[in-house]
Amino acid sequence: MRAVTWQGKRDVRVETVPDPRIEEPTDAVIRVTSTGLCGSDLHLYEVLTPFMTPGDILGHEPIGIVEEVGAAVPDLQAGDRVVVPFQIACGNCWMCLTGLPTQCETTQVTSEHMGAALFGYTRLYGAVPGAQAEYLRVPQAQYGPIKVPEGPADDRFLYLSDVLPTAWQAVKYADVPQGGSIAVLGLGPIGDMACRVAQALGAGRVFGVDLVTERLRRARDRGVETYDIRSFDHEKELVEAIRDQTDGRGPDAVIDAVGTEAHGSAAAKLAQQASAMLPRKLGAPLAERFSVDRLAALYTAIDLVRRGGTISLSGVYGGMADPLPLLTLFDKQIQLRMGQANVRRWSDEIIPYLTDEDPLGVDDFATHRISLSEAPDAYRMFQQKKDGAVKVLMQP
Ligand SMILES: NC(=O)c1ccc[n+]([C@@H]2O[C@H](COP(=O)([O-])OP(=O)(O)OC[C@H]3O[C@@H](n4cnc5c(N)ncnc54)[C@H](O)[C@@H]3O)[C@@H](O)[C@H]2O)c1
Ligand SMILES: [Zn+2]
Ligand SMILES: [Zn+2]
């Protein structure tokens, strides 16, 4: 089959690889009909290079049709239409039963001291072949795949794999009081959707921050009060501007939907690039143990959130020794919640919003639809935020 493979820093190629097959009784194989390109893939494209192996198949946002199931997957059969969550979880262990499938005790990558295995996401997360491919082997298929109805285009349901539960969890963790205020930093797919979810779940005012014109416009068109960080000399001024709108206190909650590649300090950018360029043996420990995160967005969140408010972090960070202003965090009594989205924890709550009325605007959320063979260009375009690219879907 054809698949999008990682070959090196900023080097993604479509290759022919062996077809996946059933290896365990709990496996299924699906034929992928659409599959997303995510901000998380961009981390692999460049800064997480030390954790990748040439040939790794990328991707973790698939919808498709079941081709084949193992003997221990009673609820699925060939022909079913399913969305597959980006994390692999058993549904049956203590963590899964607690609503934390990202910490699944059956699939945790214990050799790396990490949580549940993820599709297409470095050896830290199990080096599981990913979903930007014609076919996907789905381990733990007795739990993960979500059956969805025939009829609507893939776009209606595809975002259940990642974007929707991630945005949903970001808003739930933000714990905004009814009618309260929330600021979302970063208006990529995750931040954009988090704004929509916050509105749908009753936030009174939603502020959105980014530095890409089309992304700001998209959010503004849906009633978000947008701020372009390029129009401020310093982050302090942005913080003041939003504070002025919230009785001088700052919003009740701030979502960081930016993560480690924040636009900001040039020095941090250099350090991050340096560790991505080292040979893998040296680069990985360096990237893991030291601060290679660019923390501009998180620092803004800490400054911006009101005293006693909550920061909800969905942007991915990876450093082991990031400098944080604990004095401010403690003095302002800030609550900090974070993590990969627990997809099946939220999916049943989200599905009622995926109707013809389309309150979250999923049907036209994608800006680009491409074939698998165009993936190398799409990675480049998405990284450089060219051509109005916000959400790219590939159709294998
Ligand atoms: N927690 C999860 O389960 C989960 C799931 C999916 C994605 N993610 C992470 O969420 C983050 C966002 O993903 P995405 O797909 O929207 O990616 P993206 O890269 O398209 O979005 C990031 C946005 O942040 C903006 N930005 C950069 N610096 C900024 C700053 N200082 N202030 C405000 N905005 C800034 C960029 O212009 C961009 O629009 C990534 O870190 C991704 O890895 C997490
Ligand atoms: Zn994703
Ligand atoms: Zn489990």
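Both counts, for ligands and for their atoms, begin at 1 and track the order of listing. Note: hydrogens, waters and symmetry copies are ignored here, and every other heavy atom, side chains too, is used. Small disclaimer: the values here were computed from a predicted structure and weren't measured.
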Is there a side-chain contact between [X] and [Y] in this structure, where contact means two heavy atoms from C-beta onward sitting under 4.5 Å apart?
X      : Y      : value
Asp154 : Tyr159 : no
Ile311 : Arg337 : no
Phe365 : Asp192 : yes
Ile334 : Arg307 : no

- Task: Answer yes if the ring centres of Trp168 and Tyr353 are under 6.0 angstrom apart, and no otherwise.
- Result: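 Yes: the rings meet the under 6.0 Å criterion.
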- Over 12 foreign heavy atoms within 6.0 Å of NZ, Lys147: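 Yes - once you tally the heavy atoms of other residues, nucleotides and ligands closer than 6.0 Å, there are more than 12.
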- Query: Is Arg10 close enough and on-axis enough to Tyr379, meaning under 6.0 Å and within 45°, for cation-pi?
  - Reply: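 Pair Arg10/Tyr379 does not count as cation-pi.
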Cationic N near anionic O, under 4.0 Å, [X] to [Y]:
X      : Y      : value
Lys172 : Glu349 : yes
Arg218 : Asp364 : no
Glu67  : Arg31  : yes

- Query: What do the steps show when you test Thr53 against Arg123 for side chain to side chain donor-acceptor pair (under 3.5 Å), and what is the final call?
  - Reply: CA-CA 8 Å; Thr53 309; Arg123 65 175 165 72; 5.8 Å; no
- Query: What protein N, O or S atoms come within a distance below 2.8 Å of the Zn ion (ligand 3), ordered by chain and number?
  - Reply: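 The answer, once waters are left aside, is Cys90 SG, Cys93 SG, Cys96 SG, Cys104 SG.
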- Message: Working to the nearest 0.5 angstrom, can you tell me the gap between Gln169 CD and Leu164 CG?
- Response: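 It is 13.0 Å, given to the nearest 0.5 Å.
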- List by chain and number: which residues place a heavy atom under 4.0 Å from ligand 1?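 The answer is Cys38, Gly39, Ser40, His43, Phe86, Asp162, Thr166, Gly186, Gly188, Pro189, Ile190, Val209, Asp210, Leu211, Val212, Arg215, Ile229, Ala257, Val258, Gly259, Ala262, His263, Ser314, Gly315, Val316, Gly339, Gln340, Ala341, Phe382, Lys385, counting any residue whose heavy atom sits under 4.0 Å from ligand 1.
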- Message: Other members of the hydrophobic cluster containing Val138, with the 4.5 Å side-chain heavy-atom rule, please.
- Response: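 Ile30, Val32, Val66, Val69, Val73, Leu76, Val82, Val84, Ile88, Phe119, Val128, Leu136, listed by chain and number.
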- Around the Zn ion (ligand 2), how many protein N, O or S atoms are closer than 2.8 Å?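 Those protein atoms number 4 in total.
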